[in-house]
Number of protein chains: 2
Amino acid sequence: MAADETRGRDPQYLLDLLWRTQSPGTRGPRGSLSLDQVVGEAVRIADEEGIAAVSMRRIAQKLGVTTMTLYRYVPSKDDLLDLMFSMATSVPDTSDWPDDWRGVLRNWARGTRQLLLDRPWMLDIPIGAPPMGPNNLAWMEVALAALDRTALNEGDMIGVLLIISGFVLGDTRQELTMTSASARTGVSYEEWGRVYGRMMARVATDERFPTLAKVATSGIFDNENTAEDDFNENLDFLLDSVAALIRRREEERAAG
Amino acid sequence: MAADETRGRDPQYLLDLLWRTQSPGTRGPRGSLSLDQVVGEAVRIADEEGIAAVSMRRIAQKLGVTTMTLYRYVPSKDDLLDLMFSMATSVPDTSDWPDDWRGVLRNWARGTRQLLLDRPWMLDIPIGAPPMGPNNLAWMEVALAALDRTALNEGDMIGVLLIISGFVLGDTRQELTMTSASARTGVSYEEWGRVYGRMMARVATDERFPTLAKVATSGIFDNENTAEDDFNENLDFLLDSVAALIRRREEERAAG
DNA sequence: ACAGAAAGTGTACGCTGTACAGAGTTAGTG
DNA sequence: CACTAACTCTGTACAGCGTACACTTTCTGT
């Protein structure tokens with residue numbers, strides 16, 4: 001139960017916290033809290049007031065203990081953030097998903113995006129390790145199971161999953177930072193297309209940027225695409241690529 | 001010259017700072033500093049000691065002024081960070097790049113990755129706006145110019161650029177956070193493959209994760225791929241997809 | 001009964017961004 | 001040349017932050 005002085009230098013340590021595989025140790029008084037209470041309270045604060053409001057003092061105060069008590073349950077704030085990320089992931093609801101790999105992957109990507117939009121603070125957490133929590137693995141399993149029914153090999157499957165999840169994280173992060181910066185920049189996500197087009201037209205007249213000028217004046221920026229439109233469009237491009245890879249593997253299998 | 005009370009609510013404001021399009025205002029004493037000095041010093045500190053060491057007090061102290069003086073040149077620390085990101089981008093050196101679009105894009109991606117590895121702090125800056133600085137535009141121009149020689153239309157070109165740059169940012173961020181977290185997790189990037197494989201094999205025996213278990217025991221994680229290997233592999237996958245899109249547009253052009 | 005382990009407390013350090021009020025300096029105007 | 005408006009720069013203050021360290025208190029197995 002104690003977050004002792006090994007300080008998480010052992011990769012097993014976080015895994016043990018995550019899967020509750022620790023040997024509690026029987027001597028001495030029982031702790032008055034649990035890891036779930038600590039992380040749960042931290043998540044609640046993040047949901048309500050953003051990640052910036054999550055401080056050790058604040059969590060402790062809400063739980064009715066002093067600040068340093070928390071360090072009996074968690075080795076450091078960074079580890080707490082890791083745990084928040086893992087525990088804030090809900091289990092995927094696949095009840096109305098189609099069966100084909102493409103349908104699954106599309107729903108998977110959209111579901112992940114929605115998860116991040118619901119808890120924007122998750123993207124402010126630096127992810128120091130691959131997904132290891134039970135629910136994170138459940139998400140992985142869903143995607144891998146769908147890909148396993150295709151001609152892809154194990155390496156392909158992991159590669160595809162990395163590309164797709166990297167895209168979802170990156171795209172959603174972009175959307176969220178632009179939106180949260182709009183108080184400062186004065187421009188919302190939808191407005192950026194037009195604003196950017198005008199800026200480029202004004203600034204890229206320079207002979208150094210002929211192609212940029214051409215693109216800017218082509219009117220391609222003249223839209224009010226929502227973030228969701230852009231996301232779906234790029235997702236489809238990636239799924240097309242996966243389809244092409246699957247086709248290639250099918251041909252190889254037929255030939256070999 | 002003053003960073004007055006409009007406070008950057010105008011998207012034009014940052015652009016003006018970036019391109020030095022401001023009307024200086026002639027009355028009153030000249031400022032003893034310049035925007036370049038402020039941002040330059042901030043970049044120097046970030047290079048030497050990381051983004052966490054970049055504080056308004058520290059910059060001011062190094063420049064021999066008081067903290068609040070900086071706010072005559074920059075509306076807020078967030079804006080300063082935006083400016084650091086833009087100004088830390090060096091102009092691309094394309095002297096030994098090949099001519100074909102694929103070669104250009106590959107060099108473009110690797111060059112961008114290298115830039116981020118050299119200045120890891122750039123990825124800690126939330127990017128609230130699309131690239132607007134002169135050197136950022138130079139990078140865009142190079143990529144767009146290469147794509148302009150293919151059958152892609154303007155929308156395709158922007159889409160491809162977004163996908164590729166999103167991938168580079170995401171992949172490099174992953175690599176850097178894993179590396180910087182390894183003091184805490186005890187695992188380096190190269191070791192994560194094996195460690196993760198072992199963890200999955202231990203944890204995914206559960207009947208909830210059959211595919212995961214299968215993949216984990218397939219030995220696919222049993223490698224010591226460097227981050228660069230993984231990057232190049234995934235980049236090639238994306239470039240294949242771009243090639244497929246180009247082929248489709250060529251066929252459409254031939255048919256229509 | 002008591003040793004020893006664990007849980008919980010209180011204090012201290014050296015930081016952070018920026019609001020605000022005021023003092024000092026300069027250039028254009030009459 | 002004096003003056004005023006514009007502008008730069010300073011000092012203080014506020015309300016926080018993560019966690020090292022030394023400590024008291026509480027409980028369990030022997």
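Numbered from 1 within each chain, the chains take letters A, B, ... in sequence-line order. Keep in mind it's a predicted model, so treat the numbers as computed, not measured. What you see below is based on every heavy atom in this structure, not just the backbone, and it leaves out hydrogens, waters and symmetry mates.
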| task | May I ask you to say what A/S55 touches in the nucleic acid, namely base, sugar-phosphate or nothing, with a heavy-atom cut-off under 4.0 Å? | result | sugar-phosphate
| message | For a quick check of understanding: with a heavy-atom distance under 4.0 Å over all strands, which category does B/T67 fall into, base, sugar-phosphate or nothing? | response | base
Expressed as a whole number of angstroms, how long is the span from [X]:[atom1] to [N]:[atom2]?
| X | N | atom1 | atom2 | value |
| --- | --- | --- | --- | --- |
| A/R30 | D/dT28 | CZ | C1' | 9 Å |
| A/Y71 | D/dA22 | OH | P | 17 Å |
| A/I59 | C/dG8 | CD1 | C1' | 17 Å |
| A/R72 | D/dC23 | CZ | C1' | 12 Å |
| B/Q61 | C/dC15 | CD | C1' | 13 Å |
| B/L70 | C/dG17 | CG | P | 10 Å |
| B/L63 | D/dC9 | CG | C1' | 14 Å |
| B/R57 | C/dT18 | CZ | C1' | 9 Å |

For the side chain of [X], counting heavy atoms from C-beta on, which of [options] is nearest?
| X | options | value |
| --- | --- | --- |
| B/P29 | D/dT19, D/dC7, D/dT26 | D/dC7 |
| A/K77 | C/dG8, D/dC7, D/dG18 | D/dG18 |
| B/M68 | C/dC20, D/dC17, D/dC27 | C/dC20 |
| A/V65 | D/dC9, C/dA6, C/dT9 | C/dT9 |
| B/M56 | C/dG24, C/dG17, C/dT9 | C/dG17 |

| note | Sorted by position of nearest nucleotide on DNA chain C, 5' first, the leading residue of B/R58 and A/S32 is A/S32
| said: Under a 3.5 Å distance rule, please check whether A/W139 uses its side chain to pair with a backbone N or O of A/S90 as donor and acceptor. | reply: yes
| query | Can you list the steps and then say if A/K62 with A/R44 is a side-chain contact (heavy atoms from CB on, under 4.5 Å)? | reply | CA-CA 10 Å; A/K62 281 220 163 199; A/R44 199 167 310 126; 5.9 Å; no
| task | Determine, step by step, whether A/T69 and A/T66 satisfy the side-chain hydrogen bond (donor to acceptor under 3.5 Å, both in side chains) criterion, reporting the C-alpha distance in whole Å, the side-chain angles of both residues, the deciding distance to 0.1 Å, and the verdict. | result | CA-CA 6 Å; A/T69 298; A/T66 53; 3.2 Å; yes
| task | Establish, with yes or no, whether the OP1 or OP2 oxygen of D/dC9 is under 4.0 angstrom from a side-chain nitrogen or oxygen of B/T69. | result | no
| query | Passes side-chain contact (heavy atoms from CB on, under 4.5 Å), B/F231 versus B/R110? Steps please. | reply | CA-CA 9 Å; B/F231 177 84; B/R110 290 183 184 172; 4.1 Å; yes
| query | In Å, rounded to the nearest 0.5 Å, how long is the span from CG of B/D171 to CD of B/E228? | reply | 11.0 Å
